[in-house]
2 protein chains.
Amino acid sequence: MSRPGKFPQLDAFDRKILAILQRDNSTPQRTIGEAVGLSAPAVQRRIKRMAEEGVIQANVAVLDPAALGQSITIFVEVEVISETSKQIEEAKSQFAAAPEIQQCYYVTGEADFVLVIVVPAMADYEALTRRLFFGNNNVKRFRTFVAMDRVKVGLSVPVER
Amino acid sequence: MSRPGKFPQLDAFDRKILAILQRDNSTPQRTIGEAVGLSAPAVQRRIKRMAEEGVIQANVAVLDPAALGQSITIFVEVEVISETSKQIEEAKSQFAAAPEIQQCYYVTGEADFVLVIVVPAMADYEALTRRLFFGNNNVKRFRTFVAMDRVKVGLSVPVER
DNA sequence: AATGAAATGAGAGCGCG
DNA sequence: CGCGCTCTCATTTCATT
C-alpha cells in the first residue's frame with residue numbers, strides 16, 4: 001500500500017534535469033536546457049511529464065528551523081510491545097498526525113519506528129513524549145538523541161547511477 | 001560555525017507565506033496574497049527578504065526515490081571512539097561528502113551520529129559500510145535500521161507557534 | 001514521435017504614489 | 001503597502017527531422 005509502483009523509464013536527459021531541479025527548482029528552463037543540451041520547451045515537457053508520473057513529488061521551499069524558533073532537532077527510536085498490523089497502523093497514523101514529527105519511518109532492527117522531531121524547546125519535546133509515548137501503552141521504550149549539529153540535511157536522491 | 005545565528009523577526013504574514021511555500025513554492029504570488037491578505041508585490045518583497053536572510057534556504061523539487069531506482073532507505077546510528085573536535089570534524093565532512101547519505105546529524109546520547117541513507121540495493125549499503133565504517137578506525141560501532149515504510153517524510157517546519 | 005523556433009500569455013520584478 | 005508598468009520566463013502552436 002505504498003507507492004503506485006509505476007516506474008517510468010528515465011533517460012539521461014531526465015536524470016540531468018532532475019539533478020538540477022532537486023538542487024534549485026527555480027532554475028529557468030532555458031538555463032536547464034543549455035546545461036543538458038535541449039531546448040526550453042523540451043525541458044518543460046519532460047518536467048511536466050515527470051510531475052504527472054509522480055517522479056517529481058513536490059516543489060517546496062526549505063526553511064531554516066532556527067529562524068522559526070524551532071531550534072531543536074531530536075531523533076527518537078521507538079520500540080513497541082505489540083506488532084500486530086492493527087497496532088502498527090494505529091501508531092503510524094498517530095505519528096503522522098503530530099506536526100512536530102517531521103519524519104517517521106517504520107523500520108526493521110532493534111527498534112520499530114524512527115522519528116525526526118523538531119521543536120522550539122526541550123519542554124515541548126518533554127510534553128510530546130508524555131502525550132505520544134507515556135500516553136501510549138503500546139510503547140515499550142524509546143531512546144532520544146538530541147541533535148547538536150545538522151551536518152547534512154536533505155531529501156535529495158542521488159540521480160546518477 | 002554553522003549558521004549566522006541571525007534571527008529576523010517574522011510576523012504573522014511571513015509565517016503564513018512560509019507555510020504555503022514549504023508546501024508548494026510554485027504557488028503564484030497573487031494566490032498567496034489572496035490567502036494571506038496582502039498584495040502580490042508585498043508578498044514578493046517578503047519572500048525576497050526572507051531568502052536573503054536565510055529563512056528560506058532553498059527551493060527544491062522533491063523526487064520519488066523509487067522512481068530513480070533508489071528504493072531502500074536506511075537509518076544508521078554511529079558511535080565513534082575518539083570525540084576530539086578534529087576527529088569529529090573529519091567524520092562530519094566524510095559523511096557530508098557521501099552522496100548516498102541524505103541526512104547527517106551530530107547528536108548527544110548513546111550514539112554520536114545519526115544518518116539517513118538512500119541506496120538502490122542492500123549491496124550498495126554493504127559497500128558503503130565497508131568504505132565508511134569498517135574503513136574508518138575511529139568508528140566504534142554502528143547500528144542499522146532498514147526502513148520498511150516511509151510513513152512521513154518532510155523537512156517542513158511547523159510555522160505556527 | 002519528439003524536437004526546435006517563434007508567438008502568445010501569465011507571472012515576477014520595480015519604480016511610482 | 002498597493003497600483004501600475006515592464007520584462008523575463010513559462011506555455012502553446014506549428015513546422016521539421
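So you know, we letter chains A, B, ... as the sequences are listed, proteins then strands, and number each from 1. What you are looking at is a predicted structure, and each value in this text was computed from that prediction instead of being measured.
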| task | Report the relative orientation of the aromatic rings in Phe113(B) and Tyr106(B); use parallel for angles under 30°, tilted for 30 to 60°, perpendicular for over 60°. | result |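 It falls in the tilted class, 30° to 60°.
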
| task | Look at all strands and tell whether Arg46(B) reaches a base, only sugar-phosphate, or nothing, counting heavy atoms closer than 4.0 Å. | result |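 The answer is sugar-phosphate, as Arg46(B) gets under 4.0 Å only of primed atoms, P, OP1 or OP2.
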
Please give, in whole Å, the distance from [N] [atom2] to [X] [atom1]?
X        : N       : atom1 : atom2 : result
Ile47(A) : dT3(C)  : CD1   : C1'   : 16 Å
Arg30(A) : dG11(C) : CZ    : P     : 22 Å
Glu52(A) : dT11(D) : CD    : P     : 12 Å
Arg49(A) : dA1(C)  : CZ    : C1'   : 13 Å
Asn25(B) : dA10(D) : CG    : P     : 13 Å
Phe13(A) : dA1(C)  : CZ    : P     : 19 Å

| query | Would Glu89(B) and Lys92(B) satisfy salt bridge (charged side-chain N to carboxylate O under 4.0 Å, His left out), going step by step from the backbone distance to the final call? | reply | CA-CA 5 Å; Glu89(B) 287 308 319; Lys92(B) 282 185 187 178; 3.6 Å; yes

| Side-chain contact, heavy-atom cut-off 4.5 Å: Ile56(A) with Leu21(A)? |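 A side-chain contact exists here, since the closest heavy-atom pair is under 4.5 Å.
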
| task | Give a yes/no answer on whether the side chain of Gln29(B) brings an N or O atom under 4.0 Å of OP1 or OP2 in dG13(C). | result |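 Answer is yes, contact under 4.0 Å.
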
Closest approach to the side chain of [X], judged atom by atom: which nucleotide of [options] is it?
X        : options                  : answer
Pro41(A) : dT12(D), dA10(D), dC3(D) : dT12(D)
Gln44(B) : dG13(C), dC1(D), dT3(C)  : dG13(C)
Leu38(A) : dG4(C), dA10(D), dC1(D)  : dG4(C)

| task | Check for a donor-acceptor pair, side chain of Asn136(B) on one end and backbone N or O of Phe133(B) on the other, with a separation under 3.5 Å. | result |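 No; judged by distance alone, with no hydrogens or angles, the pair does not exist.
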
| message | Can you tell me whether the side chain of Arg45(B) and the base of dG2(D) have a donor-acceptor pair closer than 3.5 Å? | response |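 Present.
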
